[in-house]
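Worksheet: one structure, shown below.
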Amino acid sequence: MTPRAVIADDEALMREQLRARLAEVWPELEIVAEARNGAEAVELVAAKHPDVVFLDIRMPAKSGIEAAREIAALPARVPEIVFVTAYDQYAIDAFEQGVIDYVLKPAERERLALTVERIRKRLAAPMDNAQGALQQALERLAGKLEAPSHLRWIQASVGQQIQMIPVEEVLFFISDEKYTRVQTAQQEALIRTPIRELIAALDPAQFWQIHRSTLINARAIAGISRDERGRQLVSIKGRPEKLEVSRGYAHLFKGM
């Protein structure tokens, strides 16, 4: 029988990218549906009964973890679960148990091919008590979400395209009322994630908040100066901008 899959990701371009990669490494796989959030993913799995479901961990309505738990509780046969995520510290323990697999964004052909090989083997030889083992693995994975996990990639709009930008390449983030600007040495991109959410997702040792609307990569700091009004200004390596430091964050630069 032709294997069947559901893809769930809130970004259409990410779904397209995964679909294209799967067509390369698993051409006989039939994508029977695509979901834009976790709630849709549960509904589509219940309706379509796929053999495998690819779930983004961070989705609106329900997270990938929440959706997977509901999928594992469905009365029909439990599909294979693959998490697709920009966070590199998720799923390690559960993945090693052989019950859940995961792929980092952007889905690289070689890594996805290894995942597909494992899924094929599991589909060919289903394990006993698969539902119970999956539930246990998901509980361990949910517990990992409570531990700090730092973002590795920024999914951003560059013109009409969505790009995955490595976090270590970001020089600074600046937010306005609607968007957050992501600045690297080579390009400027926009995301809808507010500064407060980025603070929670990024490594605080690397990214410092210097203003309510500004985060900077500490490794990109070229120097500190003061203007005629006495305000502290941060110079960024290779950039003309001088970013203002609010009084509440001035202590970060004592001794500099």
Side-chain angles (χ1 to χ4, degrees), residues 9-21 56-60 64 83-90 102-112 148-227 231-246 248-250 252-253 256:
D9 194 304
D10 58 329
E11 289 286 351
L13 285 175
M14 289 297 102
R15 298 196 301 271
E16 291 174 11
Q17 193 258 2
L18 180 57
R19 180 189 280 268
R21 287 286 183 270
D56 184 18
I57 282 187
R58 296 291 191 188
M59 289 189 291
F83 288 113
V84 185
T85 177
Y87 291 75
D88 64 345
Q89 295 182 33
Y90 287 135
Y102 80 111
V103 176
L104 293 178
K105 291 182 178 180
E108 299 292 344
R109 189 181 190 281
E110 292 76 13
R111 176 65 183 82
L112 189 58
S149 296
H150 300 136
L151 197 61
R152 286 186 67 229
W153 300 87
I154 299 295
Q155 186 173 305
S157 298
V158 180
Q160 297 300 312
Q161 296 184 327
I162 297 291
Q163 291 190 7
M164 300 299 294
I165 300 173
V167 161
E168 61 266 22
E169 294 182 7
V170 178
L171 303 177
F172 57 82
F173 299 91
I174 296 181
S175 284
D176 59 21
E177 293 181 359
K178 190 173 182 182
Y179 294 102
T180 296
R181 171 184 167 194
V182 181
Q183 184 67 57
T184 73
Q186 291 77 34
Q187 64 183 359
E188 175 182 317
L190 296 175
I191 58 177
R192 292 183 180 275
T193 309
I195 288 292
R196 66 179 181 276
E197 291 185 20
L198 288 170
I199 291 170
L202 295 168
D203 182 354
Q206 182 178 359
F207 284 88
W208 298 358
Q209 185 174 19
I210 63 168
H211 189 278
R212 61 184 176 82
S213 63
T214 310
L215 285 174
I216 61 169
N217 188 336
R219 299 170 188 167
I221 295 174
I224 308 296
S225 61
R226 289 187 182 274
D227 64 9
R231 297 178 302 174
Q232 282 186 317
L233 302 174
V234 177
S235 299
I236 302 296
K237 295 176 182 177
R239 297 294 305 174
E241 296 93 344
K242 291 184 181 294
L243 306 178
E244 182 182 352
V245 180
S246 295
Y249 302 102
L252 293 171
F253 303 98
M256 285 192 176

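Here the structure is a predicted model, which means the values were calculated and not measured. No hydrogens, no waters, no symmetry mates; every other heavy atom, side chains included, goes into these values.
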So do the side chains of [X] and [Y] get within less than 4.5 Å of each other, counting heavy atoms only?
X	Y	result
F173	T193	no
R239	L171	yes
F172	V234	no

Within this structure, what is the [atom1]-[atom2] distance for the pair [X] and [Y], rounded to the nearest 0.5 Å?
X	Y	atom1	atom2	value
I195	D176	CD1	CG	10.0 Å
R226	R231	CZ	CZ	11.5 Å
E188	Q183	CD	CD	5.0 Å
L233	E244	CG	CD	7.0 Å

Give me the atom names and distance for the closest heavy-atom approach of [X] to [Y].
X	Y	value
Q206	E168	NE2-CA, 3.8 Å
E11	D9	N-OD1, 2.9 Å
T180	P194	OG1-CA, 4.0 Å
A218	W208	CB-CE2, 3.6 Å
D56	R58	OD2-O, 2.8 Å

Q: Might you work through the side-chain contact (heavy atoms from CB on, under 4.5 Å) test for V167 and F207, ending with a clear yes or no?
A: CA-CA 10 Å; V167 161; F207 284 88; 3.3 Å; yes
Q: List the steps, then state whether side-chain contact (heavy atoms from CB on, under 4.5 Å) holds for I191 with L198.
A: CA-CA 11 Å; I191 58 177; L198 288 170; 4.1 Å; yes
Q. So, T184 side chain and Q186 main chain: donor-acceptor pair closer than 3.5 Å or not?
A.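 Indeed, once roles are kept as given, a pair shorter than 3.5 Å links the two residues.
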(Q) For the backbone of I174 and the side chain of R181, can you confirm whether one donor and one acceptor N or O come within less than 3.5 Å of each other? (A) no
**Q.** Test side-chain hydrogen bond (donor to acceptor under 3.5 Å, both in side chains) applied to Q187 - qualifying residues, sequence neighbours left out
**A.**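 Result, side-chain hydrogen bond (donor to acceptor under 3.5 Å, both in side chains) vs Q187: Q163.
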Let me check something: any side-chain donor-acceptor pairs from residues 209-217 under 3.5 Å, sequence neighbours excluded? List them with distances.
| from | atom 1 | to | atom 2 | distance (Å) |
| --- | --- | --- | --- | --- |
| Q209 | OE1 | Y249 | OH | 3.3 |
| Q209 | NE2 | H211 | O | 3.1 |
| H211 | ND1 | S213 | N | 3.2 |
| H211 | ND1 | S213 | OG | 3.1 |
| N217 | OD1 | R219 | N | 3.1 |
| N217 | ND2 | V170 | O | 3.0 |

